[in-house]
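The next block holds one structure in the form of structure tokens; read it before the comments.
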Amino acid sequence: MTRRLCLRAPKLEDAFDIDPIYNDFDVARWINVPHPCPTGFALERFQRFLTFPPHERCFILSKKSDKKQKAIGLILANWADGEKPPIIGFFLASRFHGKGFMGEALDAAFKELFQLTGADEIRASFYDGNIASDVLLKKKGFKPVGTSSDFNRATGKTEQQTDLILPRSVFEAK
């Protein structure tokens, strides 16, 4: 729990709240899902989210004030590659952008991930041009460590990304 949000494990019915977010190009363009998102895509993903291996976590974000706990976004973490620190990805429904919700949620998720994994760092990447993620991640203490490229299913193109690292010491000092 945070001041305004609940971060919780996914439920299959969350797919019905997430599907319209996947189909919003202003979100899909930055999170690498097909656009338009095919029918059943969210449901298929959420079936996988329900049976996560021990090296992955999905945090569903919902507003505390919402009695139905409707999903408004999510944070996904994976640390399958034991050679690399955990990597996170995240998104939020457009109507909640610019209100500080994701920053609040990331603080709670980072705390749990550092405790759960014992890692010294957390990784993240964002597509070039994603100013909101750039600003948010740097505000959280992430430092750029390089660039990479990735095929973006929403745009149908290989795009450049900025790769970043958040050291545990920086997170704990905040």
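Predicted, not measured: the structure shown is a model, and the values here were computed from it. Residue numbers count from 1 along this sequence.
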Give the minimum heavy-atom separation between Leu137 and Ala124, together with the two atoms involved.
-> CD1-CB, 4.0 Å
Under 4.5 Å between side-chain heavy atoms, hopping through other hydrophobics if needed: is there a path connecting Val135 to Leu166?
-> no
If Ile, Leu, Val, Met, Phe, Trp and Tyr residues are connected whenever their side-chain heavy atoms lie under 4.5 Å apart, and connections chain through other members, are Phe90 and Ile72 in the same group?
-> yes
Heavy atoms of other groups near Lys11 NZ, more than 12 under 6.0 Å | yes
Chi angles and distances behind the salt bridge (charged side-chain N to carboxylate O under 4.0 Å, His left out) call for Lys140, Asp107 | CA-CA 8 Å; Lys140 293 296 167 193; Asp107 286 341; 3.0 Å; yes
Name of the residue among Lys84, His55, Glu56 meeting side chain to side chain donor-acceptor pair (under 3.5 Å) with Asn78 | Glu56
Derivation and outcome, salt bridge (charged side-chain N to carboxylate O under 4.0 Å, His left out), residues Lys68 and Glu13 = CA-CA 11 Å; Lys68 294 182 181 181; Glu13 50 268 32; over 6 Å; no
Side-chain donor or acceptor of His35 paired with backbone N/O of Arg153 under 3.5 Å | no
Do other residues, nucleotides or ligands put more than 12 heavy atoms under 6.0 Å from the NZ atom of Lys111?
-> no
Which pair of non-hydrogen atoms, one from Ala108 and one from Leu7, has the smallest distance, and what is that distance?
-> CB-CD2, 4.1 Å
Output yes when a side-chain donor or acceptor of His97 lies under 3.5 Å from a complementary backbone atom of Leu92, and no otherwise.
-> yes
Do Phe16 and Phe91 share a hydrophobic cluster (ILVMFWY, side-chain heavy atoms under 4.5 Å, transitive)?
-> yes
Distance (rounded to the nearest 0.5 Å) between Ser148 OG and Tyr127 OH = 9.0 Å
Side chain to side chain contact (heavy atoms under 4.5 Å, CB included) between Leu12 and Leu50, worked out | CA-CA 7 Å; Leu12 192 56; Leu50 297 176; 3.8 Å; yes
Is the shortest side-chain N to carboxylate O distance from Arg168 to Glu121 below 4.0 Å?
-> no
Do side-chain atoms of Asn152 reach the backbone of Thr158 as a donor and acceptor pair under 3.5 angstrom?
-> no
Donor-acceptor contact present, side-chain Lys99 to main-chain Arg95, <3.5 Å | yes
One should read off an interatomic distance between Gln69 CD and Asp17 CG, to the nearest 0.5 angstrom, of 10.5 Å
Please confirm whether the backbone N or O of Pro85 pairs with a side-chain atom of Arg123, one donor and one acceptor, at under 3.5 Å?
-> yes
If you take all heavy atoms of Ser62 and Lys70, which pair is closest and at what distance?
-> CB-O, 3.2 Å
Pair Arg8 + Asp14: basic N to acidic O under 4.0 Å | yes
Is it true that the side chains of Tyr22 and Arg45 contain a donor and an acceptor less than 3.5 Å apart?
-> yes
If you link ILVMFWY side chains whenever their heavy atoms are less than 4.5 Å apart, which other residues fall into the same cluster as Ile165? By chain and number, please.
-> Val145
Give the minimum heavy-atom separation between Phe114 and Ala119, together with the two atoms involved.
-> CD2-O, 3.3 Å
Run the numbers on Gln161 and Ser149 for side chain to side chain contact (heavy atoms under 4.5 Å, CB included), then give the verdict.
-> CA-CA 6 Å; Gln161 300 182 120; Ser149 59; over 6 Å; no
If you draw a 6.0 Å radius around NZ in Lys157, do more than 12 non-hydrogen atoms from other residues or ligands fall strictly inside?
-> no
For atom CD of Glu44, decide whether the heavy atoms of other residues, nucleotides or ligands shown that lie under 6.0 angstrom number more than 12.
-> no
Under a 4.5 Å side-chain heavy-atom rule over Ile, Leu, Val, Met, Phe, Trp and Tyr, are Ile87 and Leu113 clustered together?
-> no
Examine the side chains of Gln160 and Asp128 and answer whether a donor and an acceptor come within less than 3.5 Å of each other.
-> no
In terms of hydrophobic clustering (I, L, V, M, F, W, Y; side-chain heavy atoms under 4.5 Å; direct or indirect links), are Leu74 and Val33 co-clustered?
-> yes
Roughly how far, to the nearest 0.5 Å, is CD1 of Ile18 from CZ of Phe49?
-> 8.5 Å
With the side chain counted from C-beta on, respond yes when Met1 and Leu5 share a heavy-atom pair under 4.5 Å apart, and no when they do not.
-> no
What is the distance from atom CG of Leu76 to atom CD1 of Ile31, rounded to the nearest 0.5 Å?
-> 10.5 Å
Compare every heavy atom of Phe41 with every heavy atom of Pro34, then report the nearest pair and how far apart it is.
-> CD-CZ, 3.6 Å
For residues Thr155 and Arg29, determine if any side-chain heavy atom of one lies less than 4.5 Å from a side-chain heavy atom of the other.
-> yes
With a 4.5 Å heavy-atom cut-off, do Trp30 and Ser133 have their side chains touching?
-> no
Closest heavy-atom pair and its distance - Ser125, Asp163 = OG-OD1, 2.6 Å
Do Asp26 and Ser94 have side-chain N/O donor and acceptor atoms under 3.5 Å apart?
-> no
Ile122 pairs by side chain to side chain contact (heavy atoms under 4.5 Å, CB included) with which of Thr117, Ile88, Leu164?
-> Ile88
Rounded to the nearest 0.5 Å, how far does OG1 of Thr2 lie from CG of Leu61?
-> 8.5 Å
The residue among Phe126, Phe110, Phe171 that forms ring pair (Phe, Tyr, Trp, His ring centres under 6.0 Å) with Phe142 is Phe110
